[in-house]
Amino acid sequence: MTRKKLAAVRGMNDLLPAEAPVWEWLEARVADWVRSYGYQLIRTPLLEHTELFVRGIGEVTDIVEKEMYSFEDRLNGENLTLRPEFTAGTVRAAVEHNLTYEGPRRVWSMGPVFRHERPQRGRYRQFHQVNVEALGFAGPDIDAEHIVMLARLWKILGVGPVRLEINCLGQADERARHRAELITYFESHRDALDEDAQRRLHTNPLRILDTKNPALAEVVAQAPKITGYLGDGSRAHFEGLQRLLEASGISFTVNPRLVRGLDYYNLTVFEWITDALGAQGTICGGGRYDPLVERMGGRASPSCGYAFGMERVVELLKESATVDMTTSTDVYVAHQGGATAAQAFRVAEQLRDAGLDAVYHAGEGSLKSQMKKADASGAEYAVIVGEAELGNGAVALKALRGPAGAAGGGEQRIVPLERLADELVDALTRSEQQS
Ligand code: ATP
Ligand code: MG
């Protein structure tokens, strides 16, 4: 009987070992980088009540209209949704646990998010984001901090060039006046609109500005810009941000049509875009969402944040060759079976006690095939626990890399068991200093 093979859900990727080094490298750089700006880790559940996202993201957004994985829990009838983004859950947790009670908070998260979109390069149904939020800060200094820290990250990662676009969406009343003018304008150009835009005309006309349909480029270019509706406060905030960016040597362009997909943004919005990824070139988006905390039942706390897509950044990293993709370990422990296998097993543990990375040869195999595996493991050294040496309380130590160990034909010497860990630590420290 042949069984049907099982496959992953469409648009949801496995991370296989061959690609793992670039993810591990990125995750480690990110953890150091957020810490260097004083952001603390927060982890919220993958599942939240559907209502959270409807309230937090807004009903007339792509995400809530058509991208959420929502279902009813058969066991208790609750309506749940796999998180499509981090902000709503982060704010929910902050309100629920009074996080901003003692003052503003800088927090960050990293992990999978789920959106039911059409899978293509750079667009998946499960993907990963790094998400950063500053809760309770009025800005514009913190808005600038977010942009400046991202510029630093692109440098740390060696991805580039990444260009920055910013805009100011003003406050609710300013947006309302702009919105009314937009509707009037688009109504008078109704014939030029596509189906999506017609549908959005009265629900979320701002989103028409964000269209990816080139046929709408002309009518969108002529549309009234939010810039003309900004009051003094909004303008001062936007100018303050731009002055801080200029003082930090960050180049940017003001794009008056940049609106972002989510409902809750006000004042600052920004996106980082690369030309290296084709249509899915936006690697990071963010901005200010002053009304959200109150909308989620908390005390009014002006806040801002951003998220970047890790798959898209990984794609850039793979092209940039910054990351060493080879697997490696310090030492591979080989043996001749029987009592030498049991001894090798203990030796491997002793080496790990000494702080080394050690791979034990599990199972049997000729010495030749074990040496091949040792080489493939990326180990610097092989320890061979052989019957003859073991009788004298010793093992063979073989260098696998470097001038001496090239092509696996490296120098081999006999080392007493009790000195093995020390010798290996010394040898590895020396070769690290040389490289
Ligand atoms: P897009 O316009 O590409 O759909 P978005 O505005 O929906 O992006 P955000 O909600 O701002 O994206 O998410 C932040 C980042 O997450 C994006 O800039 C992108 O890098 C990444 N991202 C968004 N959707 C996906 C997806 N389906 N697959 C992979 N990465 C994604
Ligand atoms: Mg989207």
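One-based numbering, in listed order, for ligands and for the atoms of each.
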Quick check on Q280 - does any of its heavy atoms sit under 4.0 Å from an atom of ligand 1? no
Cationic N near anionic O, under 4.0 Å, E349 to R352: yes
Of the listed options Y124, F308, F86, F127, closest to atom 30 (N) of ligand 1 (non-hydrogen atoms): F127
Qualifying residue for side-chain hydrogen bond (donor to acceptor under 3.5 Å, both in side chains) with E311, from H128, Q126, R121: H128
Side-chain donor or acceptor of D330 paired with backbone N/O of D357 under 3.5 Å: yes
Please report the interatomic distance CG(N79) to CG(D73), rounded to the nearest 0.5 Å. 9.5 Å
Polar contacts were defined as any N/O atom of the residue lying under 3.5 Å from an N/O atom of the ligand; does this apply to Q129 and ligand 1? yes
Carboxylate-amine/guanidinium proximity below 4.0 Å for E380 and R401: no
A student comparing E311, R115, E85 should find that the heavy atom closest to atom 10 (O) of ligand 1 comes from R115
Minimum non-hydrogen distance to atom 29 (C) of ligand 1, winning option of G122, P84, P119, G287: G122
Taking everything shown except E364 itself, do over 12 heavy atoms lie less than 6.0 Å from its CD? no
Within ligand 1, which atoms have a heavy atom of A307 less than 4.0 Å away? 14 (C), 15 (C)
Region of I283 that comes within reach of ligand 1 [heavy atoms, distance under 4.0 Å]: backbone
Need the ligand 1 atom indices (1-based, order shown) with element for anything under 4.0 Å from a heavy-atom of C284. 18 (O)
Side chain to side chain, M68 and I63, heavy atoms closer than 4.5 Å: yes
With a cut-off of 4.0 Å, which atoms of ligand 1 are near a heavy atom of G309? 15 (C), 16 (O), 20 (O), 21 (C)
